[in-house]
Amino acid sequence: WPKVKFCLFLSPKWFPITQTLLIARVKGPQTTSESVCVVEEMEIAGSDSNGREFQNAEEMWREEVGDHQKKTDWYRQGVGYWEDVEASVDGVLGGYGHVNEPDIKGSEAFLNTLLAERFADEGRNRHLVALDCGSGIGRVTKNLLIRYFNEVDLLEPVSHFLEAARQNLAPENLMVSDTQKAANFYCVPLQEFTPDAGRYDVIWVQWCIGHLADDDFVSFFKRAKGGLKPGGLFVLKENLTRNGFVLDKEDRSITRSDLYFRQLFNWCGLHVYKTKDQKGFPKELFPVKMYALTTDVPKRANGSRSKAQSNRPGIIK
Ligand code: SAH
């Protein structure tokens with residue numbers, strides 16, 4: 001869900017800027033700019049919505065989910081927040097229903113590129129199956145996934161959202177052929193879900209991963225890798241901070257930076273195949289990025305130029 005960048009007008013001292021990072025470029029035929037990898041643990045500072053600052057994410061996680069009871073409370077409050085939200089597009093988009101259109105357009109362009117690059121004949125001769133994680137009322141499935149995939153499963157822990165999704169995606173409310181359908185509706189949170197082995201071409205995770213603590217983030221993706229078909233991929237679409245993290249005490253979620261995500265992807269054993277920045281959102285919102293993640297090392301990634309190329313003399317055009 002799009003989130004307002006609430007620290008926009010605060011003084012620079014509020015911005016979490018303490019990041020230490022050591023990077024190494026991987027040499028060899030598969031060198032790409034996306035192969036830059038974090039080789040030393042980084043320290044990412046952050047703050048919460050009350051202005052409290054944290055030296056690093058570990059300090060925050062210790063406080064928030066440091067024991068069994070705290071973790072149970074964290075997830076209960078996260079779901080509890082959404083249980084009080086209206087089951088509508090405006091509801092799941094935090095009052096920004098009008099970003100639905102640019103969001104879907106941006107996602108569709110990204111998905112088209114991925115299908116064209118990753119699947120023979122853009123997947124047209126294949127029975128394509130997707131999973132929509134933290135699906136809410138089925139907005140992404142209804143406006144996008146169902147038009148490209150033969151089957152879409154939805155996972156959503158808030159039951160009144162999932163019921164609305166069931167309604168919205170009932171065959172009589174869909175304008176697609178009968179070879180495309182919403183197949184399974186799972187009312188479980190991501191941290192408790194294990195997909196059926198090898199079922200999915202694409203696992204779509206949008207605006208919900210902020211609810212997962214780092215350890216559950218990593219174990220979810222590690223488990224979910226087993227749910228991908230060979231050549232399948234994850235799409236993660238999320239709000240980003242420019243630096244560090246911001247913890248929202250109201251809905252128990254965390255907004256991470258690109259660097260923070262990339263460290264987690266490393267821990268998951270996932271590779272960034274492609275990324276794209278979402279365009280056309282209101283300025284007061286956090287920037288939004290799409291990541292395509294694969295289990296295999298990508299041969300080529302977007303925006304990538306090998307070190308040798310970028311250092312080579314270039315003709316001025
Ligand atoms: N992805 C949808 C909904 C975004 S709203 C869309 O883009 O329209 C955020 C969603 O995350 C809500 O539906 C909320 O119930 C869900 N959510 C909250 N905690 C979650 C968890 N632990 N696991 C999976 N989904 C969660």
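Predicted model only: the values in this text are computed from it and were never measured. First listed ligand is number 1; within each ligand, the first listed atom is number 1.
When non-hydrogen atoms are compared, ligand 1 lies under 4.0 Å from the backbone of Trp207 as well as from its side chain. Only the side chain of Val140 comes within contact range of ligand 1, with a heavy atom under 4.0 Å; no backbone atom does. The proximity of Ser135 to ligand 1, defined as any non-hydrogen pair under 4.0 Å, is limited to the backbone. Residue-level proximity to ligand 1 for Ile137 is absent, since no heavy atom of it falls below 4.0 angstrom.
Looking from atom 22 (N) of ligand 1 to the surrounding protein, the closest heavy atom is Gln191 OE1, 3.0 Å. Taking atom 11 (O) of ligand 1 as the reference point, the nearest protein heavy-atom neighbour is Cys208 CB, 3.4 Å. For atom 20 (C) of ligand 1, the nearest non-hydrogen atom of the protein is Pro157 CG, 3.7 Å. Closest to atom 23 (N) of ligand 1, if we only count protein heavy atoms, is Leu190 N, 3.0 Å. In terms of protein heavy-atom proximity, atom 7 (O) of ligand 1 is closest to Arg139 NH2, 2.8 Å. Protein heavy atom at the shortest distance from atom 18 (C) of ligand 1 is His211 CD2, 3.3 Å. From the protein, the heavy atom lying nearest to atom 13 (O) of ligand 1 is Glu156 OE1, 2.6 Å.
For Phe193 and Tyr186, the ring centers are positioned less than 6.0 Å apart. The aromatic ring centres of His211 and Trp1 sit less than 6.0 Å apart. Between His271 and Tyr273, the ring centre distance reaches or exceeds 6.0 Å. Ring centroids of Tyr291 and Phe265 are separated by less than 6.0 Å, placing the two rings close together.
Taking 4.0 Å as the cut-off between side-chain N and carboxylate O, Arg76 and Asp73 count as a salt-bridged pair. Ion pairing between Asp214 and Arg256 holds under the 4.0 Å rule for side-chain N and carboxylate O. A salt bridge does not link Arg118 to Asp201: none of the charged side-chain nitrogens sits closer than 4.0 Å to a carboxylate oxygen.
By the 4.0 Å heavy-atom criterion, Leu212 is counted among the residues contacting ligand 1.
Atom CZ of Phe149 and atom OG1 of Thr141 lie 10.0 Å apart (nearest 0.5 Å).
Considering backbone and side-chain N/O atoms, Gly134 comes within less than 3.5 Å of an N/O atom of ligand 1.
With Lys225 contributing its side chain and Cys268 its backbone, the two residues share a donor-acceptor pair below 3.5 Å.
Near Val158, the atoms of ligand 1 lying under 4.0 angstrom from a non-hydrogen atom of the residue are 15 (O).
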